[in-house]
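The sequence lines fix the lettering, A, B, ..., with proteins before strands; numbering per chain opens at 1.
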Amino acid sequence: MPELPEVETVRAGLDALLPGRSVASVTYNNEKSFPNAPSDVNVFLIGASVTAVKRRAKVLLIELSSDYSLVIHLKMTGQLVFIARDTRFGAGHPNDSLVGQLPDKSTRVELSFKDGSKLFFNDQRKFGWVRLVPTAEVPNIDFMRKVGPEPLDPAFTAEVLASRLQRRKNTSIKAALLDQTVVAGIGNIYADESLWGAKIHPATLVRDVSNQKLRTLFTEVQYVLRLAIEKGGSSDRNYVNAEGKKGSYMSFARVFRREGLPCPRCDAIIIKIRVAGRGTHICPREQKLPKIH
DNA sequence: CACTTGACCTGTCCGC
DNA sequence: TGCGGACAGGTCAAGT
């Protein structure tokens with residue numbers, strides 16, 4: 001599922017719902033989804049309360065009063081859905097429709113709070129995980145040490161993007177954009193969307209992309225990510241936010257999953273190809289491979 | 001070191 | 001309706 005805009009949408013939702021709630025119990029049915037020592041869970045999770053919900057790259061960080069954090073990666077199909085204790089809040093409560101729907105067969109972790117509300121970690125494909133880590137140690141996790149800058153951070157500029165992409169100068173621009181050590185948070189949807197915006201063929205080698213195109217790409221990356229956050233992310237298949245609702249960016253997508261439909265700029269028919277081992281959507285008229293001599 | 005490919009899982013869709 | 005294969009929004013570990 002989730003790239004930066006989806007994870008950010010979940011983060012914002014959880015940050016409005018969780019702080020102040022204290023954990024009563026946790027159950028899980030899959031060791032890989034919750035690879036934590038029971039002794040740590042008993043001491044640092046049970047009884048702790050949520051202080052804040054943060055995000056770095058595609059990783060969610062639920063900070064606890066015990067100075068531990070739940071570090072969560074949703075990978076392809078992970079969901080985090082919060083449900084209040086029952087429907088007695090009355091019609092219109094955001095989670096009314098979900099009461100009784102969870103847990104289901106893809107529920108991997110169920111976190112119960114003392115007030116009766118629950119947080120469900122659902123993950124059809126079991127790639128995702130929830131790890132309990134000392135908050136001070138979070139920056140030392142392998143992934144955190146290696147991950148690149150946040151693309152919407154004010155310190156992230158066109159020059160920073162260009163210079164970091166050059167670390168992968170002999171690979172395709174799409175593979176470089178997807179590389180989390182180059183820049184954080186971009187996945188298959190927003191790579192395709194921003195390369196279309198910059199009119200760059202995704203298979204172009206980084207070294208063959210002009211400085212001018214790289215500047216345009218920087219602008220497009222930020223535009224696409226900001227728009228997607230505003231729209232609550234993309235729900236192509238599994239993604240839902242903290243209230244179990246889908247995001248609407250897919251109806252604004254220009255190329256992703258639009259093969260066979262006209263390019264919004266030039267009406268040429270969008271095609272789907274394979275680049276960097278991933279399904280890739282392009283306008284064949286506007287995104288051409290440069291001729292190399 | 002840089003780069004590519006397969007593996008991790010379950011579910012769905014598409015062609016025969 | 002069934003069956004096999006390809007594919008799905010992400011990362012790792014291996015291989016070259």
Give A/F143 one of three labels, base, sugar-phosphate or nothing, depending on what nucleic acid heavy atoms sit under 4.0 Å from its own.
-> sugar-phosphate
Give A/K146 one of three labels, base, sugar-phosphate or nothing, depending on what nucleic acid heavy atoms sit under 4.0 Å from its own.
-> nothing
Length of the CD1-C1' vector between A/I72 and C/dG10, whole Å = 16 Å
Shortest non-hydrogen contact between A/G128 and A/F121, atoms and distance | C-CZ, 3.9 Å
Integer-rounded Å distance: C/dT11 C1' and A/R145 CZ | 19 Å
With sugar-phosphate meaning primed atoms plus P, OP1 and OP2, does A/D236 contact a base, only sugar-phosphate, or nothing at under 4.0 Å between heavy atoms?
-> base
Taking CG from A/L74 and P from C/dT11, how many angstroms apart are they, rounded to a whole number?
-> 10 Å
Are the aromatic ring centres of A/Y190 and A/F256 under 6.0 angstrom apart?
-> no
Find the distance A/D192:CG to C/dA8:P and express it as a whole number of Å.
-> 11 Å
Could you list where the contact with chain A starts and ends along DNA chain B, reading 5' to 3', using a 4.0 Å heavy-atom cut-off?
-> B/dC3 to B/dG11
Rounded to whole Å, CH2 of A/W129 lies from P of C/dT11 at a distance of 10 Å
Do the side chains of A/R108 and A/S106 get nearer than 4.5 Å, heavy atoms only?
-> yes
May I ask which nucleotide in the shown strands pairs with C/dA6, Watson-Crick or G-U wobble, both distances under 3.5 Å?
-> B/dT12
Is the closest side-chain donor-acceptor distance between A/R207 and A/N170 under 3.5 Å?
-> yes
To the nearest angstrom, how far is A/L4 atom CG from C/dT11 atom P?
-> 11 Å
Between A/H73 and C/dT11, does any side-chain N or O lie under 4.0 Å from OP1 or OP2?
-> yes
For A/D115 and A/S117, test the side chains for any donor-to-acceptor distance below 3.5 angstrom and give the result as yes or no.
-> yes
Just checking A/G187: base, sugar-phosphate only, or nothing, at a heavy-atom cut-off of under 4.0 Å?
-> sugar-phosphate
Under-4.0 Å side-chain N/O to phosphate OP1/OP2 contact, A/K32 with C/dT11 = no
Compare side-chain N and O positions of A/R274 against OP1 and OP2 of C/dA8 and report whether any pair is under 4.0 Å apart.
-> yes
Is the distance from OP1 or OP2 of C/dT11 to the nearest side-chain N or O of A/K75 less than 4.0 Å?
-> no
From the candidates C/dG10, C/dA8, C/dT11, the one with an atom nearest any side-chain atom of A/Q180 is C/dT11
With a 4.0 Å cut-off on heavy atoms, is A/R257 in touch with a base, just the backbone sugar-phosphate, or nothing at all?
-> sugar-phosphate
Please work out which of the three classes, parallel, tilted or perpendicular, describes the rings of A/F34 and A/Y28, given edges at 30° and 60°.
-> tilted
Rounded to whole angstrom, note down the P distance from B/dC9 over to C/dA13.
-> 14 Å
Taking the same atom, C1', in B/dC1 and in C/dG10, what whole-Å distance lies between them?
-> 23 Å
Using a distance-only test with no angle check, is there a side-chain donor-acceptor pair under 3.5 angstrom linking A/S69 and A/T135?
-> yes
Atom CD1 of A/I141 and atom C1' of C/dT11: how far apart are they, to the nearest Å?
-> 14 Å
If you look at every strand shown and take non-hydrogen atoms under 4.0 Å, does A/G279 touch a base, only sugar-phosphate, or nothing?
-> sugar-phosphate
For the pair A/L70 and A/L45, evaluate side chain to side chain contact (heavy atoms under 4.5 Å, CB included) and give the outcome as yes or no after the intermediate values.
-> CA-CA 9 Å; A/L70 290 171; A/L45 179 58; 4.0 Å; yes
Using whole Å, report how far CD of A/E3 lies from C1' of C/dG10.
-> 9 Å
